[in-house]
2 protein chains.
Amino acid sequence: MKLGTRARYGMRALVDIATYSKDEPVRLKEIARRQNVSLSYLEHIVGPLISGGILRSIRGPGGGVSLLRKPEDIQLVQVMQLLEGSLSTTDCVLNPEVCPRSEQCATRSLWAEISDAMHEVLSRKSLTDLLDRNDTVLEGSCVPQSFRRSQKPVSLSGNEASGDRGEASCG
Amino acid sequence: MKLGTRARYGMRALVDIATYSKDEPVRLKEIARRQNVSLSYLEHIVGPLISGGILRSIRGPGGGVSLLRKPEDIQLVQVMQLLEGSLSTTDCVLNPEVCPRSEQCATRSLWAEISDAMHEVLSRKSLTDLLDRNDTVLEGSCVPQSFRRSQKPVSLSGNEASGDRGEASCG
DNA sequence: ATATTGTTGAGCGTTTCTGTCAACAATACA
DNA sequence: TGTATTGTTGACAGAAACGCTCAACAATAT
């Protein structure tokens, strides 16, 4: 039940934008730099937030992305659905017809309750709830997961293509 | 945030055992048949439940698995942790030290709240809560996900090794 | 002994995830 | 108009996770 990088990076990007976009849009390149995410990847993460009506984008010099609504009007449940897709823990929760046993299933209601619990937490929250904390220190970040797994990734042929960033993700 | 088959099959196996093991243990082969899961796979799913103290196993003829405690004493939160591992949505929720930004992270507390919400639902529930429903109809089940994806799995060289089971999972 | 049943680890094919690259579209500005 | 800048999109690739099978093994009953 671990979240993917899309949800984690995407949510942090939103916080970043809300923090640094006072009147002008924020360049993706800057978000990528501050959040230690590759620009190429961030573009794909931000895409759904734009088409989903959370962000507005402006191309060309002086362009970037900015919030389409005020932070208090951005529901995190919508953000999560755009970033991660449906929040339901099984397909049968949302689409009972995919399973002939749905009506009489002993476990389906449990999966539904778990899904609802997550949904409820996110329904109660807006982007503002992530900004209340006084951590404007968005620069610097976490050791990426790959660094925590094996003792030595060894980095064959001295390739440090992703390692030279040094740190990237986590929360 | 979809559950894997381990959680789904494992939970259904527990319900199956609670239903069909009145005094004698239940053979894995029978659970596998009723739940439409392969025996080989079920063995691996059941393993953690045995080592985790949920199930007792007896080898040899007349053997099988049975509940080590009464259903009302089996907390679903423990079952889930054995089947799925930690319920936390990110590593930093449980181990803040994996991430230097944990203390000041804008998003970490959100991930923690979601994790807690799931944890709380499962903490309130025991296996009994899955047995209350009068669906002893555990036989037959769902169309496996692989059947819903492509139109035709095609089954190269007429191999129906897993296809001849016809249906398997879902809830 | 032998058949039965659970236990464990290795491994394999597929899918998903994470991320990169390249071509492209739109805009600002000279 | 042209050029640099910025976002948009799709194809793709490597890595990891997932789902599952197989085979060797251990324990038990008869």
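Heavy atoms only: backbone and side chains are in, while hydrogens, waters and symmetry mates are out. Worth saying up front: this structure is predicted, and the values here are computed from it rather than measured. Per chain, numbering begins at 1; letters A, B, ... match sequence-line order.
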Atom CD1 of B/I50 and atom C1' of C/dT7 are separated, to the nearest Å, by 8 Å

Review point. Between A/K2 and B/D91, is there a donor-acceptor pair closer than 3.5 Å when you use the side chain of the first and the backbone of the second?
Key: no

Practice item. State plainly whether the residues A/E103 and A/R108 are in salt-bridge range, i.e. N to O under 4.0 Å. Key: no

note: B/L42, atom CG; C/dT5, atom P; distance rounded to Å ~ 15 Å

Are B/R27 and B/E30 ion-paired here, with the side-chain N under 4.0 Å from a carboxylate O? yes

message = It should be established whether B/T5 places a side-chain nitrogen or oxygen under 4.0 Å from OP1 or OP2 of nucleotide D/dG19.
response = yes

Whole-Å distance, A/R27 CZ to D/dT6 P, equals 5 Å

Separation of D/dA26 atom P from B/L28 atom CG, nearest Å, is 19 Å

Note to self: For a 4.5 angstrom cut-off between non-hydrogen side-chain atoms, does B/L49 reach B/M11?
What the structure shows: no

Rounded to whole Å, the OH-P distance (B/Y41 to D/dA17) equals 15 Å

When rounded to whole Å, the CG to C1' distance for the pair A/L55 and D/dT6 reads 15 Å

Can you see whether B/S21 engages B/S66 through a side-chain donor-acceptor pair at a distance of less than 3.5 angstrom? no

In whole angstroms, the gap separating C1' of D/dT28 from CD1 of B/I58 amounts to 10 Å

At under 4.0 Å, does any side-chain N or O of B/Y9 touch on OP1 or OP2 of D/dG19?
no

| Looking only at atom types and distance, does a side-chain atom of A/E84 sit under 3.5 Å from a main-chain N or O of A/G4, one as donor and one as acceptor? | yes

Is A/S38 close enough to C/dG19 that one of its side-chain N or O atoms is under 4.0 Å from OP1 or OP2 there? no

With the side chain defined as heavy atoms from C-beta on, B/S57 is closest, among C/dG6, D/dG19, D/dA4, to C/dG6

Next on the checklist: For a quick check of understanding: with a heavy-atom distance under 4.0 Å over all strands, which category does A/G47 fall into, base, sugar-phosphate or nothing?
Outcome noted: nothing

Out of C/dA26, D/dT28, D/dG19, minimum distance to the side chain of A/R59 belongs to C/dA26

note: A/I45, atom CD1; D/dT9, atom P; distance rounded to Å ~ 15 Å

Comparing A/P61 with A/R6, nearest DNA chain C nucleotide closer to 5' gives the residue A/R6

Sort me out a list of protein N/O and nucleotides 9-13 of chain C N/O pairs below 3.5 Å, or just none if empty.
residue: C/dG9; atom: O6; partner: B/H44; partner atom: NE2; Å: 2.5

With a 4.0 Å cut-off on heavy atoms, is A/G4 in touch with a base, just the backbone sugar-phosphate, or nothing at all? sugar-phosphate

Donor-acceptor pair, B/K125 side chain versus B/V77 backbone, under 3.5 Å? no

